[in-house]
Protein chains: 2
Amino acid sequence: MASRTPDKEAVSELTTARLSVYLRSLTYLESIGKKTVSSHELAERFHLNSAQIRKDLACFGEFGTRGVGYDVCTLKKELVRELGIDRTRNIVIIGAGNLGMALADYHGFNSNGFHIAALLDNDGEKIGRTSRSGIPVIDASRTEKVVRENNVEIAIIAVNPEAAQSVYDGLVHAGVVAVLNFAPIQLRLTSGVKVRNVDLRINLESLSYHLKNVEDGVA
Amino acid sequence: MASRTPDKEAVSELTTARLSVYLRSLTYLESIGKKTVSSHELAERFHLNSAQIRKDLACFGEFGTRGVGYDVCTLKKELVRELGIDRTRNIVIIGAGNLGMALADYHGFNSNGFHIAALLDNDGEKIGRTSRSGIPVIDASRTEKVVRENNVEIAIIAVNPEAAQSVYDGLVHAGVVAVLNFAPIQLRLTSGVKVRNVDLRINLESLSYHLKNVEDGVA
DNA sequence: GCATGTGAATGGATTCACAGCT
DNA sequence: AGCTGTGAATCCATTCACATGC
């Protein structure tokens with residue numbers, strides 16, 4: 001297979017994050033029957049610069065038509081392919097607490113390329129139950145088996161910060177290659193395993209910082 | 001009151017996000033009885049550059065002692081003050097679905113400067129109940145009353161994307177001045193209201209992008 | 001001696017502006 | 001004429017490296 005773009009991994013995470021946003025917008029445009037869209041139109045939707053959108057897309061090839069714009073359907077398919085969600089990836093969530101349960105039933109985590117295979121927990125009370133949408137809670141001691149049998153690539157860590165490191169190490173050992181970590185700690189990483197951290201508290205503190213400055217008459 | 005630092009709002013969001021992280025680390029260091037810490041020590045904890053930490057802190061004054069480092073307790077107090085969490089800010093969550101309920105009981109949202117006053121929803125089934133930790137679900141039609149009576153500054157939007165814009169507009173009208181939005185849409189913003197978006201799906205797609213590249217033998 | 005605080009240098013990401021194609 | 005694709009220019013964040021002070 002001929003590789004169109006050399007140096008693929010040189011695409012920044014900022015760019016891939018925006019691709020996700022573009023994809024959502026294209027899905028919407030497709031649903032309302034729009035055939036073509038220009039970078040300028042897309043830019044207006046999210047207060048972005050049109051050149052940035054063109055640059056982002058240019059990382060993967062030339063999809064537009066000069067004088068016209070981008071074909072919505074074609075571009076959407078291309079983004080789906082580039083983001084690697086043209087096939088389904090299996091996920092386990094570790095920690096069947098409030099957050100883990102909520103994420104298990106979160107629609108965006110269980111559609112269009114992602115499938116949550118199981119919740120894992122070591123609380124005997126929870127094991128054997130299911131989330132509202134029917135995802136089973138399995139004994140965390142069976143993590144390795146669940147990961148292998150379900151061909152799980154991604155794990156979501158939704159345990160308390162004290163447990164997170166050992167949970168992470170266990171997941172890596174079980175063969176997981178990507179982790180979404182909700183525990184507010186800096187994990188000691190294993191090379192070859194991609195980790196993304198989501199720190200919910202930081203967002204609140206950032207808002208608080210802003211509020212304080214408003215009070216102080218700065219903004 | 002004399003302002004130490006001119007041009008305060010010129011602190012980037014990247015910096016404030018890191019301040020939150022430093023604060024968490026200082027809290028830990030304090031709990032294990034450490035009195036003093038250097039920028040280099042802090043940097044090692046999160047694979048950061050020590051100069052960056054010093055620069056981040058320098059936005060707010062000079063807290064260190066040359067040849068020694070930073071006093072853990074003093075620096076912690078200062079960060080708490082700068083982040084504006086030296087007093088409690090009240091929050092409402094709109095949407096008592098899986099996510100809203102989970103966030104209501106999330107420890108990091110209900111401690112150290114934040115208090116969740118209520119969940120709001122327009123589903124009659126849910127109104128009158130409480131979350132596990134006892135936060136009441138109130139009729140969303142009473143949003144304005146709840147916001148005013150509880151002196152709510154921050155709202156968390158945890159409704160579906162279709163409803164998010166009108167919920168946002170209602171919150172702004174009710175007097176909320178900061179919003180944490182979990183709905184995957186680009187809100188049309190009102191000036192004077194600070195918004196932060198948390199897009200959970202983007203994180204998964206970013207991991208997927210990486211997985212695809214690993215498969216393709218790029219990384 | 002040692003670690004801060006900071007101007008200067010670097011490195012990335014965004015934006016500009018225009019050549020090139022339809 | 002209109003819009004893409006892209007080198008050049010700009011802007012912002014990070015890192016270096018050192019003067020300053022304990």
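Every chain is numbered from 1 and lettered A, B, ... according to where its sequence line falls, protein lines coming before strand lines. Excluded from the calculations below are hydrogen atoms, water molecules and symmetry mates; all remaining heavy atoms, backbone and side chain alike, are included.
- Closest approach to the B:E62 side chain among C:dT14, D:dA19, C:dT6 is made by C:dT6 (side chain taken as heavy atoms from C-beta onward).
- The distance between atom OH of A:Y70 and atom C1' of D:dC3, rounded to the nearest whole Å, is 8 Å.
- What separates CD of B:E41 from P of C:dC2 is a distance of 14 Å, to the nearest Å.
- Among the nucleotides D:dC16, C:dA3, D:dT4, the one closest to any side-chain atom of B:R66 is C:dA3.
- Relative to the side chain of B:T65, the nucleotides D:dC22, C:dT14, C:dT6 differ in distance, and D:dC22 lies closest.
- Close to D:dC3, at under 4.0 Å from its OP1 or OP2, lies no side-chain N or O of A:S39.
- Closest approach of A:C73 to A:E30, counting heavy atoms only: SG-OE2, 3.6 Å.
- Of the N and O atoms on the side chains of B:N90 and B:N150, not one donor lies less than 3.5 Å from an acceptor on the other residue.
- Here the P atom of nucleotide D:dT10 and the CD atom of A:Q52 are 18 Å apart, to the nearest Å.
- Mapped onto DNA chain C by nearest heavy atom, A:L14 and A:G67 fall at different nucleotides, with A:L14 at the one closer to the 5' end.
- Distance CG (A:N49) to P (D:dT4): 12 Å, rounded to an integer number of Å.
- In this structure, the CG atom of B:L75 is 14 Å from the C1' atom of C:dA3, given to the nearest Å.
- Distance NZ (B:K55) to C1' (D:dC12): 12 Å, rounded to an integer number of Å.
- In terms of position along DNA chain C, the nucleotide closest to B:V37 lies nearer the 5' end than the nucleotide closest to the other residue of the pair A:V68 and B:V37.
- The nearest whole Å value for the distance from the CG atom in A:L48 to the C1' atom in C:dC16 is 16 Å.
- The separation between B:D56 atom CG and C:dT4 atom P is 13 Å, rounded to whole Å.
- At C:dA3, none of the side-chain N or O atoms of B:S38 fall inside 4.0 Å of OP1 or OP2 (strictly under the cut-off).
- The base of D:dT4 does not come close enough to the side chain of A:R54 for any donor and acceptor atom to sit less than 3.5 Å apart.
- Defined by atom type and a distance below 3.5 Å, a donor-acceptor pair is present between the side-chain atoms of B:D56 and B:Y22.
- Scanning all heavy atoms of the two residues, the minimum distance from A:A158 to A:I93 falls at CB-CG2, 4.4 Å.
- Counting any heavy atom pair closer than 4.0 Å across all strands shown, B:T15 reaches no nucleic acid atom.
- When only modelled atom types and interatomic distance are considered, B:S20 and B:R24 share no side-chain donor-acceptor pair under 3.5 Å.
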